[in-house]
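What follows is a set of notes on a single structure, which appears directly below.
All values below come from the heavy atoms of this structure, side chains included, with hydrogens, waters and symmetry mates left out. Ligands are counted one by one from 1 in listed order, and the atoms in each one are counted from 1 as well.
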Amino acid sequence: MRVLALNGSARKEWNSATMLRYAAKGAKEAGAEVTLIHLYDLTYKGCTGCHSCKLLDGKSFGRCAMKDDLTAVLTQAIEADVLLMSSPIYFNDVTGMLRAFLERLWFPAITYEKERRPLYPKRVNVGMIFTTNAPGGFYTALYDGLKQTSQWIIGDTEYVDASETLQFADYSKYAASVFDVNARQKRRQEVFPDDCKKAYEMGKRLATPK
Ligand SMILES: Cc1cc2nc3c(=O)[nH]c(=O)nc-3n(C[C@H](O)[C@H](O)[C@H](O)COP(=O)(O)O)c2cc1C
């Protein structure tokens, strides 16, 4: 099994990346070969609406025609058996970097033909990880929407999330008096390990041959 794990947070050691590593660990323990890529290390744009991917008889039909650091990652994602991704929620959505990746993964696979069957040669199982300041349940509609689109275009999709995460190592250094720091630290110690365990189990489950 080939697993591609994409971290959509700029912070490589924080909440989203930590949970992604747990998911990757689960996948490795299921025997998968895992490649971890930090999207913020790459230089790329979101979909520009060039529509080359929909041009009948075009050389990029069904594939993103843009050439940048994401080009090889898109090929890896399409060829993987499992695609894992993580993102903090930024202003009620995934980060711009993950969103740009998803636009370029999703759009080339769909057409405006009456029969809207996705074009990629095989289905890829997807595991999404989201982390937020907001309380649990706050972004269920967002997550379910992302899952639904992914499920239609890419393959079976599931997600895990962590809410009310620790955002700063030392809250006293930041303008952040709205937070109950003790409650956040307690949650980090008592709840976040369970969130990581759920991510681990998701990675293991998705990478286990059926
Ligand atoms: C630019 C920015 C925007 C954010 N917007 C939201 C938001 O809309 N909702 C929310 O619950 N948390 C928001 N947060 C908090 C992060 O989602 C949260 O701290 C997350 O766990 C950070 O993930 P990381 O540790 O992987 O960077 C925002 C943080 C940043 C930096």
Decide whether an N or O pair under 3.5 Å exists between [X] and ligand 1.
X: Pro88; value: no
X: Ala17; value: no
X: Trp14; value: no

Validation row: [X], [Y] side chains within 4.5 angstrom (heavy atoms):
X: Asp41; Y: Lys12; result: yes
X: Thr132; Y: Tyr90; result: no
X: Arg184; Y: Gln189; result: no
X: Glu103; Y: Thr48; result: no
X: Met19; Y: Phe192; result: yes

Can you tell me the protein heavy atom closest to [atom] and the distance?
atom: atom 15 (C) of ligand 1; answer: Asn133 ND2, 3.4 Å
atom: atom 18 (C) of ligand 1; answer: Thr165 OG1, 3.7 Å
atom: atom 2 (C) of ligand 1; answer: Tyr90 CD1, 3.4 Å
atom: atom 26 (O) of ligand 1; answer: Ser16 OG, 2.7 Å
atom: atom 27 (O) of ligand 1; answer: Arg11 NE, 2.9 Å
atom: atom 5 (N) of ligand 1; answer: Phe91 N, 2.9 Å

Using a heavy-atom cut-off of under 4.0 Å, does the side chain or the backbone of [X] touch ligand 1, or both, or neither?
X: Tyr139; answer: side chain
X: Thr131; answer: both
X: Ala134; answer: both

Minimum non-hydrogen distance to atom 13 (C) of ligand 1, winning option of Ile89, Asn7, Thr95 | Ile89
Closest candidate by heavy atom, reference atom 25 (O) of ligand 1, pool Leu142, Asn15, Leu20 = Asn15
Using side-chain hydrogen bond (donor to acceptor under 3.5 Å, both in side chains) as the criterion, list what pairs up with Arg205, not counting sequence neighbours.
-> Glu158
Sequence neighbours excluded, which residues qualify as side-chain hydrogen bond (donor to acceptor under 3.5 Å, both in side chains) partners of Tyr171?
-> none
Does NZ or CZ of Lys54 come closer than 6.0 Å to the centre of the six-membered ring of Phe107, within 45° of the ring's axis?
-> yes
Can you list the ligand 1 atoms lying under 4.0 Å from a non-hydrogen atom of Ser9?
-> 24 (P), 26 (O), 27 (O)
Closest non-hydrogen contact found for Ala65 with Ser60 is CB-OG, 3.4 Å
Can you say whether the rings of Phe130 and Tyr143 are parallel (under 30°), tilted (30 to 60°) or perpendicular (over 60°)?
-> parallel
